[in-house]
Number of protein chains: 2
Amino acid sequence: MKDPLVSLPGYALRRAASAMIAELGERLVEIGLRHTDVSILILIEANARITASALGRALDIKRANMVPLVGRLEAGGLIERRPIDGKSHSLELTARGRTRLAEAWAIIEQFEAELLARVPAAHRDHLLPALNALWQGPPPTLG
Amino acid sequence: MKDPLVSLPGYALRRAASAMIAELGERLVEIGLRHTDVSILILIEANARITASALGRALDIKRANMVPLVGRLEAGGLIERRPIDGKSHSLELTARGRTRLAEAWAIIEQFEAELLARVPAAHRDHLLPALNALWQGPPPTLG
DNA sequence: ACAGGATTGCTATGAAGCATAACAAACGTG
DNA sequence: CACGTTTGTTATGCTTCATAGCAATCCTGT
């Protein structure tokens with residue numbers, strides 16, 4: 001079948017991402033987490049006393065949508081919420097959360113290694129900087 | 001804020017893809033299409049008399065989910081269904097569909113060019129082959 | 001020719017991600 | 001201390017994607 005789509009970087013980006021997310025999801029389901037959960041746990045570990053709102057900003061997830069995500073992690077005993085002041089809560093990993101995150105890291109590192117291994121060596125080192133330029137780069141109006 | 005995520009290719013892939021899809025969506029909404037619609041129209045144009053099931057296989061969209069997609073394109077007068085045999089239908093662009101697709105192509109080409117322009121020149125040519133290797137590459141069990 | 005398995009198109013349904021609007025409570029600043 | 005902002009939250013809807021099941025039709029091997 002003729003497929004003009006494969007020469008479009010945008011289409012390749014979408015297919016690669018959705019295939020990757022699906023496969024990562026399969027692996028993470030074995031420790032009862034979703035990829036979004038893991039990104040939240042990682043950011044909490046790296047930033048003690050962060051709030052849900054700040055997490056949402058970093059992950060590009062709306063405040064409203066953080067509620068069920070944080071709620072589920074708390075219900076699972078992986079994180080804890082402590083009041084910072086009368087309004088905000090700080091999120092911190094519990095001992096259980098730290099253990100679970102270590103398991104997640106093992107899966108993630110294995111997964112990322114396999115991901116890179118699929119890319120021909122000649123292109124491999126260009127992938128991360130190219131991808132980061134796509135979403136972290138200067139706003140389109142500057143170009 | 002410390003962000004260990006940005007050094008993970010998988011995370012960068014996800015963020016880049018979702019930012020890209022959102023932006024493309026904004027542009028396509030002006031001609032009343034979604035990115036999935038466009039990919040369907042493109043494949044129909046390139047493959048006369050293709051069926052919805054075959055389209056689904058090419059685009060990695062389940063048969064069941066093709067129904068509303070094809071239905072909406074047909075309702076909008078962009079494609080036509082003709083019975084091939086008692087079971088299958090061939091999809092073809094209408095004149096209106098061809099016109100709309102031409103508009104879509106103009107948007108897509110502009111968009112893809114801007115996408116690539118955001119990637120530093122040193123990495124630019126590596127992006128498409130690297131991405132295609134990620135999802136078209138050999139099955140993981142072979143490695 | 002025909003039986004069995006595969007394919008097609010479809011309905012129904014649920015999970016997940018993401019968006020908006022609205023709200024009360026609390027914060028921070030001029 | 002009043003006003004604009006921020007936080008956490010509820011409610012809601014849309015889109016994407018997955019599964020299960022079904023009837024009709026097809027293709028293939030015998």
Side-chain angles (χ1 to χ4, degrees), chain A residues 1 11 13-26 28-29 32-40 44 49-76 79-91 135, chain B residues 1 11 13-26 28-29 32-40 44 49-76 79-91 135:
Chain A
M1 138 155 354
Y11 182 75
L13 180 56
R14 190 172 77 78
R15 288 294 293 268
S18 86
M20 180 275 295
I21 291 171
E23 190 181 333
L24 178 57
E26 282 177 20
L28 287 177
V29 80
L33 294 177
R34 299 194 252 259
H35 64 88
T36 307
D37 295 331
V38 177
S39 62
I40 291 176
I44 293 178
R49 298 175 49 77
I50 195 173
T51 68
S53 284
L55 268 182
R57 278 189 293 273
L59 294 169
D60 197 28
I61 299 176
K62 294 278 184 295
R63 258 190 354 276
N65 295 327
M66 290 299 297
V67 178
L69 293 176
V70 166
R72 223 159 36 79
L73 291 175
E74 192 187 17
I79 65 176
E80 232 177 24
R81 288 194 304 176
R82 301 187 198 168
I84 291 182
D85 50 33
K87 178 171 66 165
S88 306
H89 300 210
S90 99
L91 303 177
W135 67 279
Chain B
M1 136 150 5
Y11 182 74
L13 180 56
R14 192 172 75 78
R15 287 296 293 269
S18 86
M20 179 276 294
I21 291 171
E23 190 180 333
L24 178 56
E26 284 176 19
L28 287 178
V29 79
L33 294 177
R34 300 192 249 253
H35 64 88
T36 307
D37 295 331
V38 176
S39 62
I40 290 176
I44 294 178
R49 299 176 48 78
I50 196 173
T51 67
S53 285
L55 268 181
R57 278 188 293 273
L59 294 169
D60 197 27
I61 299 176
K62 295 276 185 293
R63 265 194 343 280
N65 295 327
M66 290 298 297
V67 179
L69 293 175
V70 166
R72 225 161 32 78
L73 291 175
E74 193 187 17
I79 65 176
E80 233 177 24
R81 289 196 303 176
R82 301 187 198 167
I84 291 183
D85 50 33
K87 178 170 67 165
S88 308
H89 301 242
S90 100
L91 303 178
W135 68 278

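Every chain is numbered from 1 and lettered A, B, ... according to where its sequence line falls, protein lines coming before strand lines.
- Where A/Lys87 and A/Ile61 meet DNA chain C, the nucleotide closest to each residue was compared, and A/Ile61 sits on the side nearer the 5' end.
- Within 4.0 Å of A/Ala22, counting heavy atoms only, lies no atom of the nucleic acid at all.
- B/Ile40 places its CD1 atom 14 Å from the C1' atom of D/dC17, with the value rounded to the nearest Å.
- In this structure, B/Arg81 reaches the C/dC10 phosphate: one of its side-chain N or O atoms is under 4.0 Å from OP1 or OP2.
- We find that CD1 of B/Ile21 is positioned 12 Å from C1' of D/dT15, with the value rounded to whole Å.
- Contact between the side-chain N/O atoms of A/Ser53 and the OP1/OP2 oxygens of D/dG8 is found at a separation under 4.0 Å.
- Considering only side-chain atoms of B/Ala64, the nucleotide from C/dG17, C/dT20, C/dC10 that sits closest is C/dC10.
- In this structure, the CG atom of A/Leu24 is 15 Å from the P atom of C/dA16, given to the nearest Å.
- No side-chain heavy atom of B/Ser18 sits under 4.5 Å from any side-chain heavy atom of B/Ile21.
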(request) Start with the C-alpha distance between B/His89 and B/Glu74, add both sets of side-chain angles, then the distance that settles side chain to side chain contact (heavy atoms under 4.5 Å, CB included), and finish with yes or no. (result) CA-CA 12 Å; B/His89 301 242; B/Glu74 193 187 17; over 6 Å; no

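- Rounded to whole Å, the distance from NZ on A/Lys62 to C1' on D/dA11 is 17 Å.
- Contact between the side-chain N/O atoms of B/Arg34 and the OP1/OP2 oxygens of D/dT15 is found at a separation under 4.0 Å.
- Separating the CE atom of A/Met20 from the P atom of D/dC17 is a distance of 14 Å, rounded to the nearest angstrom.
- Note that CD of B/Glu26 is 10.5 Å distant from CG of B/Leu28, once rounded to the nearest 0.5 Å.
- In this structure, A/Leu69 atom CG and D/dT10 atom P are separated by 13 Å, rounded to whole Å.
- Comparing B/Arg63 and B/Arg72 against DNA chain D, the residue whose closest nucleotide sits nearer the 5' end is B/Arg72.
- Using a 4.0 Å cut-off, no side-chain N or O of B/Arg14 falls inside it from OP1 or OP2 of C/dG17.
- Comparing A/Ser88 and A/Asn65 along DNA chain D, the residue whose closest nucleotide (by nearest heavy atom) sits nearer the 5' end is A/Ser88.
- No donor-acceptor distance shorter than 3.5 angstrom exists from the side chain of B/Ser88 to the backbone of B/Asp85, with no hydrogens or angles considered.
- Atom P of nucleotide D/dC26 and atom CD1 of B/Ile84 are separated by 11 Å, given to the nearest angstrom.
- The residue A/Ser18 sits apart from the nucleic acid: no heavy atom pair falls under 4.0 Å.
- We find that CG of A/Asp85 is positioned 19 Å from P of D/dT5, with the value rounded to whole Å.
- Contact annotation for B/Arg57: backbone-only contact, meaning every heavy-atom pair under 4.0 Å involves sugar-phosphate atoms and none involves a base.
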